[in-house]
Amino acid sequence: MALVNVHFLNLQKNYLFTDVAKKVNVFKVLHPKADVISLGIGDVTQPLCPAVVEAMHKAVDEMATKEGFHGYGPEQGYEFLREAILKNDFLPRGIHLDVDEIFINDGAKSDTGNFQEILHWDNFIGVTDPVYPVYIDSNVMIGRCGTFAGDKYSYVAYLPCTAENGFMPEIPENRPMQVIYLCYPNNPTGAVITKQELQKWVNYALKNDALILYDAAYQAYIRHPEIPRSIYEIRGARKCAVEFRSYSKTAGFTGVRCGYTVVPKSLTVSTFAGERISVNELWNRRQSTKFNGASYISQRAAEAIYTPEGQHQTQETIDYYLEGARMMLDSLRRLGYKVYGGENAPYIWMKTPGGSGSWQFFEELLYGAQVVCTPGMGFGPSGEGYVRFTSFSPHEKIEEAMRRMEAWQNH
Ligand SMILES: *Cc1c(COP(=O)(O)O)cnc(C)c1O
């Protein structure tokens, strides 16, 4: 009898986007002529930039020749990309990393989900709430989160991020967390963290011998010069933090698949006996066994992002998304809504008016203005009473959506 990993049965069915799609479909059946605008998707829409496309074509052509063919590459990624990362993403900010501290992957989702498996099963984890669902679910799969009761797992510290605390979670004093997930700029709230705030987390981790798993998937959207793009801009972070980066939102790689994880060599975790173990070595061992590297073509594509043309072109696309976010912020504010984020992130987090529930507002907006948002509840209990808008849609669609919301409100 093959027995199931019962922890998987402890997962909550994450129906958020399926439920959204179902409700939109019902609406479309009832109103076949309606033109629904989605501001709910968490995927980019603009094509790959020319520099990237050219590099990919070139890589494919190489693969078509005997001399240029590439089979298995290093599990940790090709040096050309890891060097480009050091030189472009970290050195200009005064961060000196070693090539061996960079692990190329097929996107940040894999590593944010997998990283927990090198840690003991009963570490107590902390997550900001609302949150990217991967952090909790991947921990549930290994049996780390206790049981689900009401709207939460029993053995997880949920750190509420709401308008009341400016979306900056308090550090809980009652029970020490051993592993902390932080994501800035944040999905879904669009909040960013200052150096001072992030220093508090690093200090906490150093004092409590905790590990911070820092998701910087949206760092390319930061426009404010004082906002840290990397946790390694913070004193002491190399001793307590891993950082995840992705080219998905940076350069439209959601369908190409490439990202990387930084695991400093000075980072260690403990055995019960107090022996210190190198996280870099553990992760390297894990990747060498379970991962065979990102494709050569994806890595050449990623390398091209760092060329002057690549930098310029990707920044243009990000500016386009940020301009869309600004248009939404302006319109929604003018309509009297309370909106957050959207300045250094592609997400706008909006308080639902009149205290309506996030699903209720979602339906009202769909039926009233044929505009789709994402109910905040789907990202965690503190998301109730909020909805998320994304700025990945074309500007014409955003403008039209805003006009409709205005007409709906004046109705
Ligand atoms: C989109 C996203 C990622 C990146 O996922 P990829 O696997 O690199 O496409 C990681 N973290 C968060 C919070 C995200 O929203």
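Atoms within a ligand are numbered from 1 in the order they appear, just like the ligands themselves. Heavy atoms only: backbone and side chains are in, while hydrogens, waters and symmetry mates are out. Predicted model, so just to flag it, every value in this text is computed and none were measured.
There is a side-chain donor-acceptor pair under 3.5 Å between Q199 and N203. For the residue pair N139/Y181, the side-chain donor-acceptor check at 3.5 Å is satisfied. Between N114 and S110, the side chains place no donor N or O within less than 3.5 Å of an acceptor N or O (distance only, hydrogens not considered).
Contact analysis puts D215 in contact with ligand 1, with a non-hydrogen atom separation below 4.0 angstrom. Between G259 and ligand 1 there is no heavy-atom distance shorter than 4.0 Å.
Below 30°, between 30° and 60°, or above 60°: for Y247 and F253 the angle between ring planes is between 30° and 60°, a tilted geometry. Ring geometry for Y155 versus F124: interplanar angle of 30 to 60°, hence tilted.
Counting protein heavy atoms only, atom 5 (O) of ligand 1 is closest to K109 N, 3.7 Å. Among protein heavy atoms, the minimum distance from atom 9 (O) of ligand 1 is reached at S248 OG, 2.6 Å. The protein non-hydrogen atom at the shortest distance from atom 15 (O) of ligand 1 is Y218 OH, 2.6 Å. Scanning the protein for heavy atoms near atom 1 (C) of ligand 1, the closest one is K249 NZ, 1.3 Å.
Summarising the geometry of Y153 relative to N10, their closest heavy-atom pair is OH-O, 2.8 Å, with the distance given to 0.1 Å. Taking every heavy atom of both residues into account, F69 and M63 meet most closely at CD1-O, 3.6 Å.
By the criterion of a heavy-atom distance under 4.0 Å, neither the backbone nor the side chain of F244 is placed next to ligand 1. Proximity of A108 to ligand 1, defined as any heavy-atom pair under 4.0 Å, is shared by backbone and side chain alike.
The R257 neighbourhood of ligand 1 comprises atoms 6 (P), 7 (O), 9 (O), with distances under 4.0 Å to a heavy atom of that residue. Proximity to C183 (heavy-atom distance under 4.0 Å) selects the following atoms of ligand 1: 13 (C). Close approach to A217 involves these atoms of ligand 1, each under 4.0 Å from a residue heavy atom: 3 (C), 10 (C), 11 (N).
Annotation: S246 places an N or O atom under 3.5 Å from an N or O atom of ligand 1; distance criterion only.
Atom NZ of K239 and atom CG of L206 lie 8.0 Å apart (nearest 0.5 Å).
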